[in-house]
Amino acid sequence: MRNTVDMAGIPVDKVTMGEAVEKIKGFLAEDRVHTVYTPNAEMMMEAQRDPALKNILVQADLLVADGAGVILASRILKCSLPEKVSGIDLVKNIFSIRQERKIRFFFFGSRPGVAEAAAENMRKAYPWIEVSGCRNGYFSEDEEKSIVEQINSSGADILLVALGVPKQEKWIYAHKDELKVKVCIGVGGSLDVFAGKVKLAPEFLRKNGLEWLYRLCKEPWRFKRMLDLPRYMLFTLSARLRGQ
Ligand code: UDP
């Protein structure tokens with residue numbers, strides 16, 4: 001049974017990091033595909049504009065709040081989420097799971113060579129994981145069938161999809177019925193970080209909900225998209241005032 005909070009029509013799971021990891025362990029024991037997304041304020045705002053993305057989030061098996069913006073919005077809506085569960089930390093915690101049978105991960109997405117470098121680094125950091133395959137995130141529509149076949153024949157348990165938002169969520173949704181993995185997770189720029197190509201914001205900024213400031217300095221061209229953070233706050237305030 002999911003314990004979710006309704007955030008303007010999107011059911012975000014009321015889970016701590018530990019509980020999210022437990023849920024994923026449960027998914028691994030079930031014989032079907034599960035979808036996991038990690039919305040931040042930008043994705044939540046985008047979902048309000050894009051009904052297809054909203055529908056995908058509504059149908060997810062696990063939605064965790066990736067970012068201080070979503071936590072703050074949950075407080076504005078008086079349905080506090082327990083803590084931020086960022087996608088990258090969630091994936092690291094999943095890598096940390098040690099069980100008798102090795103969990104097999106498929107790294108899908110990012111520029112050519114990045115998934116392989118990320119997989120190599122993660123195999124060194126978490127020697128108990130198995131990497132079943134890698135594939136870059138640049139492909140034509142004709143190649144999609146063979147990508148699904150590559151993932152399925154690799155025997156992966158968990159598929160990490162790094163195609164950026166909302167491409168990764170839409171790709172997972174479009175292919176989930178053909179995939180034989182147990183869990184698909186949209187991981188955004190995480191493979192770039194695992195590969196050592198991109199640095200995470202310093203810990204004190206991440207802890208204090210100021211990651212956006214670091215991103216703004218590093219990637220100023222994201223400015224327009226980042227306006228979705230204050231937009232989402234205003235949207236949430238107005239939803240609260242309208243009693244939604
Ligand atoms: N990416 C990809 N295919 C695409 C577009 C993007 O593999 O067609 C990758 C990109 O190389 C990067 C990742 O998606 O590694 C995440 O991109 P972005 O930083 O835009 O992530 P977001 O902020 O949307 O999570």
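Remember, it's 1-based here, ligands and their atoms both numbered in the order they're listed. Keep in mind it's a predicted model, so treat the numbers as computed, not measured. Just so you know, residue 1 is the first one in the sequence shown, and it goes up from there.
Using 4.0 Å as the threshold, Asp192 has a heavy atom nearer than that to some atom of ligand 1. Residue Arg222 places a heavy atom under 4.0 Å from ligand 1. Using a 4.0 Å cutoff on heavy atoms, Arg215 counts as a contact of ligand 1.
Of the listed residues (Gly188, Gly109, Ala118, Ala115), the one carrying the non-hydrogen atom nearest atom 13 (C) of ligand 1 is Gly188.
The shortest N/O to N/O separation between Gly137 and ligand 1 falls below 3.5 Å. Considering backbone and side-chain N/O atoms, Ala162 comes within less than 3.5 Å of an N/O atom of ligand 1.
In terms of protein heavy-atom proximity, atom 22 (P) of ligand 1 is nearest to Arg225 NH2, 3.6 Å. The closest protein non-hydrogen atom to atom 7 (O) of ligand 1 is Ser110 N, 2.8 Å. For atom 11 (O) of ligand 1, the closest non-hydrogen atom of the protein is Tyr138 OH, 3.0 Å. Of all protein heavy atoms, the one lying nearest to atom 5 (C) of ligand 1 is Leu163 O, 3.4 Å. For atom 24 (O) of ligand 1, the closest non-hydrogen atom on the protein side is Val165 N, 2.9 Å.
No hydrogens or angles considered: nothing links the side chains of Glu149 and Ser146 as a donor-acceptor pair under 3.5 Å. Arg242 and Ser238 share a side-chain donor-acceptor pair at under 3.5 Å.
Ring geometry, Phe139 versus Trp171: the interplanar angle exceeds 60°, so the pair is classed perpendicular (tilted spans 30 to 60°).
In this structure, Tyr37 has its ring center no closer than 6.0 Å to that of Tyr173. Ring centers of Phe105 and Tyr126: at least 6.0 Å apart, outside the cut-off.
Contact record, Arg225 with Glu42: NE-OE1, 3.2 Å, taken as the closest heavy-atom pair. Smallest separation of non-hydrogen atoms from Ser190 and Val187: OG-O, 2.7 Å. Between Thr35 and Gln59, the closest heavy-atom pair is OG1-O, 4.1 Å.
Atoms of ligand 1 lying under 4.0 Å from at least one heavy atom of Gly164, given by number and element, are 13 (C), 14 (O), 16 (C), 17 (O), 21 (O), 24 (O). Interface of Lys167 with ligand 1, defined as ligand atoms under 4.0 Å from a residue heavy atom, comprises 4 (C), 8 (O). In the vicinity of Arg111, heavy-atom distances shorter than 4.0 Å reach the ligand 1 atoms 11 (O).
Residue pairs satisfying the side-chain hydrogen bond (donor to acceptor under 3.5 Å, both in side chains) criterion with at least one member in residues 73-84, sequence neighbours excluded, are listed as follows: Lys84-Glu211.
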